[in-house]
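Whatever order the structure lists ligands and atoms in, that order sets their numbers, starting from 1.
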Amino acid sequence: MVFGLWQVQVKDVLIQSGLYKPLKSRISSKNSKHGESSMSDEVEWKNVTRLCHTKQLLTVNGEYPGPTIAINEGDYVQVKVTNSIANATTIHWHGVRQLRTGWADGPAYITQCPIKAGRSYTYKFRVVEQRGTLLWHAHYSWQRASVYGAFIIYPRMPYPFSAPPVHDQIPIIFGEWWNRDLESMEREMIMYGGGPNSSDAYTINGLPGPLYPCSTQDTLIQTVESGKTYMLRIINAAMSDELYFAIANHTLTVVEIDATYVKPFTTTAIMLTPGQTTTLLLPTNHNSSLIFPISARPFRTSVFPFDNSTAIGFLTYNNGGSGSRVDHHHLSNDNLPDMEDLKFATQFSLKLRSLASPQFPCKVPQEIDKRVITTISLNLQDCPENSTCMGFNGKRYFASMNNQSFLRPSSISILESYYKNINNTSDEYSLDFPENPPNSFNYSGVDPLKENMNTEFGTKILALPYGANLEIVLQDTGFLNVENHPIHIHGHNFFVVGQGIGNFNVEKDPGGYNLVDPPERNTVGVPKGGWAAIRLKADNPGVWFVHCHLEEHTTWGLAMAFIVKDGPSPSQSLLPFSQDFPSC
Ligand code: C2O
């Protein structure tokens, strides 16, 4: 095996996917003349070994992580996904707006039935007014643990900062590795209501690095030239943890988050929640044979057991000569914040501001039509009689928004049933998602043992007229424990107009909102024991999933969905479903 080398092959491509190599790595992109790109991806099992454990891993085209998809802003993208496994699957283009193409979004039973064994579905969508780094991942059960990859959008207009050429762009994707089989783990979680096992390692581009047992051979080695600037395309595809990232003795300039430009700022480290992405500029201003650890480690916000390990790769300078080799005694990275460093995380998120320039204006809604305040909670449910429950106090874990634990339908997707007016009695949903918490109290201070934590189950949806300006206040609670929840919204970007600690105060807090240059994104880390207020214009007809991007919380029901109705003009309506749209 070649040390740390892996490469990607996507069949039938017009635009090629990334070619990752330790030397002269990066993305190669052949720009199509027609503004079209199509590719075909096969979901299949592959034997993969990490930490001396070999297991069958679900992959796309046998690659782990999966192929990089790189397109140009404005392209019409077609990806034919063929399911070569016995289970069903779907792929989600995380952060792609999917304007009028909600049936290409991917979340199972929200916008489509999963693709059955042996079947294919071609996702077709256009990418407009987005540029930068996103990701794609499976959106069915826990498959995204290994089925994920980078989704890169090259801008039509010049970058608003001096950007290196395409061959100096380096995708860096964080993930998690479990030695055990995830299907059985998920089954047990659902059966006994306990928490998932923590992962055995974090990975950078699928490689855990030398701090894990039997892992030195699986270390990312990234070679750079001195005196240049590289563009790092960073993606947190981990399942359960916010991660800090830093490169020892190097500074990073943040220029874009979730495929929207920000006011550039320089930092020694970043924090990314699962589902968040960012583009960084990395000046390589050393000239030495030293190697520099590239590290990712969790930002701990929960009292639950978690994987407290650190993934490491190495940055080496190719002018270091043959003396440049990995020295495992130099693994320290002073730039990497401590796992408990809440202050760093808070300050980092407050530095993020939309670029808000004449070419790239910040379109935050100044007025709102509706404000929805929702708690985000973990819950404990009493154990049904004659069963075994493995959650805290012998109960079952669930999670909820406004005390509703979201249940996905199983015989038709909500999108299809709404747009085709199919009444399916076994899978009812109702348009009555509560717009306020059922009762108010000191949310972040609750004593779990004194409160009734049982939640309600259902498929309650918020319905919005086309074009509505919506504000959602996401309020963390202290049920079980306060925690940073990365809330992700499909089909829309939103603006994080405010955040704070404690209870949101509807009289006072809106006065302090940033309505000038708030960060625009698709996933927000709601402060632990606090709240975040986000605004969006509901201008994309369809059904859109909203959920915590910590996978166990989605499993437990920390989710909801909203429907944006078709607008009055034909250009404001959902485009027709395609022939190959999967049925359940
Ligand atoms: Cu990346 Cu619904 O998720």
Next on the checklist: The test is salt bridge (charged side-chain N to carboxylate O under 4.0 Å, His left out); show your working for K370 and E471 and say whether it passes.
Outcome noted: CA-CA 6 Å; K370 187 190 276 296; E471 179 174 309; over 6 Å; no
Residues 91-117 vs salt bridge (Lys or Arg N to Asp or Glu O under 4.0 Å), sequence neighbours excluded, gives R97-D539
Across all chains, not counting sequence neighbours, the disulfide (SG to SG under 2.5 Å) partners of C584 are C113
Notebook entry, point to check: Counting N and O atoms only, with roles assigned by atom type, does the side chain of H485 sit under 3.5 Å from a partner on the main chain of G525, one being a donor and the other an acceptor?
Noted result: no
Sorted by chain and number, sequence neighbours left out, side chain to side chain contact (heavy atoms under 4.5 Å, CB included) with M191 holds for none
Near atom 2 (Cu) of ligand 1, meaning under 2.8 Å, the protein N/O/S atoms are H139 NE2, H490 NE2, H547 NE2
Margin query: Are more than 12 heavy atoms, taken from residues, nucleotides or ligands other than R119, located less than 6.0 Å from that residue's CZ atom?
Written below: no
